> 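Below is the structure I would like to discuss, written out as structure tokens.
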There are 2 protein chains.
Amino acid sequence: MTYHHGNLRKALLERAAAVIAEQGVEGLSLRGLAQDLGVSHAAPSRHFRDKVDLLRTLATEGHEALGRYTFAAGNQPDADPLEHLAALGRAYVRFSLEHPAYYRSGRHPEVAAQADDALKEAYGKRMEALLRATHAAQAAGWRQDAPALHAMIFGLAAVRGLAALLHDPIFRGHVGDADPGALIDGVMRLVIDPAAVRASAPAEMVEPGEITAGAPDAAS
Amino acid sequence: MTYHHGNLRKALLERAAAVIAEQGVEGLSLRGLAQDLGVSHAAPSRHFRDKVDLLRTLATEGHEALGRYTFAAGNQPDADPLEHLAALGRAYVRFSLEHPAYYRSGRHPEVAAQADDALKEAYGKRMEALLRATHAAQAAGWRQDAPALHAMIFGLAAVRGLAALLHDPIFRGHVGDADPGALIDGVMRLVIDPAAVRASAPAEMVEPGEITAGAPDAAS
DNA sequence: TCTCAATGTAGTCATTGACTACATCGGGCG
DNA sequence: CGCCCGATGTAGTCAATGACTACATTGAGA
């Protein structure tokens, strides 16, 4: 800690995440970060070309972490494809609440406008995983009438919008006391909508009385 | 135009909207605005206390305009409550594409964090109108099993999320050529889901078999 | 006509991002 | 073993910006 810091890059990312969680991206300043870590104001430039570069790095990490988080949440071995998809959606929203810095940096307009290959690839991997899960759910009877792309975007829009609402102080002020957990479950039930699957003709065999019974073939 | 501008306040709002539409909120500067309009750098402070005050004014105008826009789009006299709700949703997303400055200022985190009474009221009016439309749709058989609040938030999250996706360059890059209009229609069909209503017991008389017929094209 | 509130101007300061030149450290190579 | 050089951090600087203060101009109404 004398002249060289040790791992300034990592420290910058961690401190930035803490600041963003507290004050949002708008409250982040490179000079403030340097001061917090006890280095000179120019030190961060050795690790990040500019402010967007730091945010983009955080955003890329966030997409990768979100991928692991949703994978872990959706990987219950006994879940049928519909429950799997619902679990992915619930995990997405919970992740946004538990890791606000990842959420905010990942959706910052400057970052999206200046995305690099690493960020695009991390984003693309999530989309591919989601599309696979969507296909599996459709094969199990969910929204079979819709194009897979529309069905995927429908689910993605719902969870992204719900996360946005839960991060929006104006919305939070209007719905008042609502418990986020109950809201997430309730909304995701409307997105996945097992009743509609049972009402239409299911592709796999589903007994019309069982609600969440196990369709064993959960295609990873 | 010699010493006094005439209507600087209005000119500032209009120019700000144009800048935001082009470069986003991040590209907006009060001094740049003043220069564009040929006034001194301190002139804007006579009409807006600070930058957030200007954005908040734009956001409030935007919520009011969105209310009128959706009301106009959803007010087809012969539409049933489900089509009405779907029209509101489609209008929301179209509005966000046609008026990006209203959309972006209205969802800026600084603005949401520093909302004043006027903004909260404009927001609340939209929520009330949406809740009424949701109640009507539920009375007509839509998602009757869900609490009205959950059903409303489900629809709101879907359209807000879809708008966010359509404004996100990374998403746009991944879905490629997709036509926004077709996407909006396709996703809203999944949100409103007339088939599920007809499959369960409808409150109003609905003939099973017809899928998308009957509704006059909600073009315009 | 005179007054004064509304509106615009000029000057200033602190903060911030970004750039350049210089200092220090430490590992690999002669 | 010692030197060299790339990596890392420092100090200084500049332009852009938001926000503040003091002053100037206008025009409507008492």
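Here is how names work: the chains are called A, B, and so on, in the same order as the sequence lines, proteins then strands, and each is numbered from 1. No hydrogens, no waters, no symmetry mates; every other heavy atom, side chains included, goes into these values. Because the structure is predicted, anything quoted here is derived from the model rather than measured.
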> To the nearest angstrom, how far is A/K10 atom NZ from D/dT8 atom P?
16 Å
> 5'-most contact on DNA chain D: A/R31 or B/S45, nearest heavy atom basis?
A/R31
> Please give, in whole Å, the distance from D/dT25 P to B/R46 CZ?
15 Å
> Do B/R68 and B/F71 form a cation-pi contact, if we require the NZ or CZ to be under 6.0 Å from the six-membered ring centre and within 45 degrees of the ring's axis?
no
> If only side-chain N and O atoms of B/H47 are considered, is one of them under 4.0 Å from the OP1 or OP2 phosphate oxygen of C/dA6?
no
> Over how many whole Å does the gap from B/R9 atom CZ to C/dG8 atom P extend?
12 Å
> So if I take every side-chain heavy atom of A/S29 and compare against C/dG17, D/dC20, D/dG18, which nucleotide ends up nearest?
C/dG17
> Measure the distance from CG on A/L37 to P on D/dT8 and round it to the nearest whole Å.
16 Å
> Would you kindly give the CG-to-C1' distance between A/L28 and C/dG17, to the nearest whole Å?
12 Å
> What is the separation between atom CD on A/E110 and atom C1' on C/dT16, rounded to the nearest whole Å?
14 Å
> Quick one: B/L54 CG to D/dG18 P, roughly how many Å, whole number?
11 Å
> Got more than 12 heavy atoms from elsewhere within 6.0 Å of CG, A/D179?
yes
> Mind calculating the distance between CG (A/L30) and C1' (D/dG9) to the nearest angstrom?
15 Å
> With a 3.5 Å cut-off and heavy atoms only, can you find an N or O donor on one side and an acceptor on the other between the side chain of A/H41 and the base of D/dG12?
yes
> With no hydrogens and no angle check, do the side chains of B/E98 and B/Y69 hold a donor and an acceptor under 3.5 Å apart?
yes
> Testing A/E64, A/H63, A/R107, A/E61 for side-chain hydrogen bond (donor to acceptor under 3.5 Å, both in side chains) with A/Y102, which one passes?
A/E61
